[in-house]
Amino acid sequence: MSEDAGNCPTITASRARDLVIFITLLVLMTLLSERLRVYFAVTVVDVTVTRILPNCREETLPTPRVFARPGGGFWRPEKVVDLVKPQIENYMRSSAWSSEAAAGTRFVWTIRWARNSTRLDQQYRYIWKADAEGQ
Amino acid sequence: MGTLQLQRFLFEPVSARSAAVFRIALAGMLAWAFHSRWLPAPPLSAVPGALWAYSHIILQRPYFLVIGVLLVAFGVGMRPRVVGFILFLLLLPLASLTAGQESRQLLLTALLAFSMLRSDEQWSLHALRQDGPRESAGPIWPIRLIQIQLTLVYGVNALAKLTPAYFSGEILIGMSRMRPNFRVDLSDRFLHLASLRLPVSIAATAVVMIEAFLAVGFWLPRLVWPTAIIGVAFHLLLQRIVQIYMLDLASMFLYLAFLLSWRVPANDRVQTGQADRRGHGVA
């Protein structure tokens with residue numbers, strides 16, 4: 001150890017070993033730093049629902065609150081459908097919409113979305129029939 | 001950076017007093033940041049054995065009690081290196097819960113790095129027992145790691161936002177519609193703060209610029225305090241726009257790594273050299 005080094009403390013009694021630990025932790029921190037990114041991307045999703053009566057009359061229903069803000073993820077297209085579709089099914093099973101609907105009534109759920117944009121250019125339609133378990 | 005400068009950057013002795021202050025503050029911060037019991041997040045939650053371990057051991061009261069006792073021991077400087085490493089291992093599973101993953105990762109990195117230091121040379125039970133307080137807690141490189149961690153937080157966030165979609169404000173508008181923790185609705189493309197009506201694209205640009213500044217500013221000695229003030233103001237302002245779980249507070253906590261004076265006074269250096277030849281080793 002040089003004279004200068006004599007006044008400089010170490011953790012492991014060896015600067016080389018200290019440096020190895022330092023660099024290892026630095027590399028680890030850098031690799032994991034990607035996980036620290038927040039609020040930099042989003043998938044914007046919009047859900048609307050229309051009721052089509054057996055006589056083919058259409059009416060737009062207010063979107064239930066639960067679909068107003070589905071979450072803040074950055075999802076792949078298939079993930080959006082996987083996320084929202086079970087919520088629709090749950091909602092329809094538990095709401096009065098389906099239980100009070102006449103046989104033959106259809107509920108057309110439209111899921112529109114886009115990644116990092118408010119111009120929702122992708123779409124999926126899910127039709128729930130009142131007399132069946134939905135389609 | 002020359003070799004000598006690099007040596008000073010990494011191996012300069014650390015003030016034992018500042019290390020003690022950071023140790024006590026870190027113990028308090030860890031206690032606050034890790035007290036909530038959330039459920040394990042994916043992909044961990046998909047592992048059956050892991051779920052059992054979480055529900056039967058890790059998220060149980062005795063586990064948290066042990067952590068609490070160890071945090072107190074760490075805070076009072078009772079073998080802080082050994083206790084610090086044990087705490088790191090015990091807290092590690094709690095970094096993968098459904099909330100606060102980023103902030104917990106940040107604090108765990110700080111704990112791991114800081115546990116390298118002999119932070120019990122002052123303001124500790126150990127310091128009370130020995131003949132006189134030591135002035136150095138070891139080399140500064142563990143503190144450098146904590147400082148770099150803070151730079152990485154702001155740096156990666158600024159970099160991730162360097163996209164046309166972010167600068168146009170589209171992402172902020174989308175998040176304000178999608179995320180329940182947003183306190184404002186930016187759908188009209190304006191950020192309304194009190195009487196201020198700021199185009200969302202300008203707000204987005206300002207966010208990126210401030211984060212980039214916070215990543216760099218702390219490294220410029222003259223700008224340390226102004227950077228900290230800007231950082232605190234930035235996070236306070238953000239609180240009015242979005243409710244952040246913990247990352248803002250964890251980041252601001254790490255400002256201490258820049259704000260504390262880590263340099264050992266020159267007339268204490270001789271004692272420092274003696275102190276550091278006494279007992280090396282990680283634990």
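Below, chain A is the first sequence line, B the second, and so on; all start at residue 1. Scope of the values below: all heavy atoms of this structure, side chains included, with no hydrogens, waters or symmetry mates.
For the pairing with A:V38, the side chain to side chain contact (heavy atoms under 4.5 Å, CB included) check across B:V242, B:N157, B:V156, B:D248 returns one residue only, B:N157.
With a 4.5 angstrom heavy-atom cutoff, A:R119 touches chain B via backbone and side-chain atoms both. Heavy-atom distances place the side chain of B:L247, and not its backbone, under 4.5 Å from chain A. Both the backbone and the side chain of A:D18 have a heavy atom closer than 4.5 Å to some heavy atom of chain B. In this structure, chain A has a heavy atom under 4.5 Å from the side chain of B:L112, while its backbone stays farther away. With a 4.5 angstrom heavy-atom cutoff, A:L32 touches chain B via backbone and side-chain atoms both. With a threshold of 4.5 angstrom between heavy atoms, B:S176 approaches chain A through N, CA, C or O but not through any side-chain atom. At a 4.5 Å heavy-atom cutoff, the contact between B:Q149 and chain A is made by backbone and side-chain atoms alike. Contacts between A:A114 and chain B at a heavy-atom distance below 4.5 Å are absent for every atom of the residue.
Within a 6.0 Å sphere centred on CZ of A:R17, other residues, nucleotides and ligands contribute more than 12 heavy atoms. Counting non-hydrogen atoms of other residues, nucleotides and ligands closer than 6.0 Å to CH2 of B:W38 gives a total of 12 or fewer. Atom CZ of B:R183 sits in a crowded spot, with more than 12 heavy atoms from other residues, nucleotides or ligands closer than 6.0 Å. Atom CD of A:E34 has 12 or fewer neighbouring heavy atoms from other residues, nucleotides or ligands inside a 6.0 Å radius. Counting heavy-atom neighbours within 6.0 Å of A:R106 CZ, excluding the residue itself, gives a total of 12 or less.
For A:I11 against B:M116, the heavy-atom pair with the smallest separation is CD1-O, 3.1 Å. Considering every non-hydrogen atom in both A:V45 and B:M178, the closest pair reads N-SD, 3.2 Å. Closest of all the heavy-atom pairs between A:L36 and B:E102 is CD2-O, 3.4 Å. Contact record, A:P9 with B:P139: O-CB, 3.3 Å, taken as the closest heavy-atom pair. When all heavy atoms of A:R37 and B:A160 are compared, the closest pair comes out as CD-CB, 3.6 Å. The two residues B:Q243 and A:Y39 make their nearest non-hydrogen contact at O-OH, 4.2 Å.
Chosen from B:V153, B:I148, B:I173, B:L159, the residue pairing most often with chain A at heavy-atom distances under 4.5 Å is B:I148. Listed options A:L26, A:V44, A:V42, A:T30 were ranked by heavy-atom pairs under 4.5 angstrom with chain B; first place goes to A:V42.
Counting heavy atoms from C-beta on, the side chains of B:W141 and A:I21 come closer than 4.5 Å. Contact annotation: the side chain of A:F22 approaches that of B:L145 to within less than 4.5 Å [non-hydrogen atoms, C-beta and beyond].
Here A:T43 contributes atom OG1 and B:M175 contributes atom CE; the two are 11.0 Å apart, rounded to the nearest 0.5 Å. If you take CE on A:M29 and CD on B:Q105, they are separated by 10.0 Å, rounding to the nearest 0.5 Å.
Side chain of B:E170 to backbone of A:N116: no donor-acceptor contact under 3.5 angstrom is found.
Taking the centre and axis of the six-membered ring of B:F11, the NZ or CZ atom of A:R15 falls inside the cone set by 45° and 6.0 Å.
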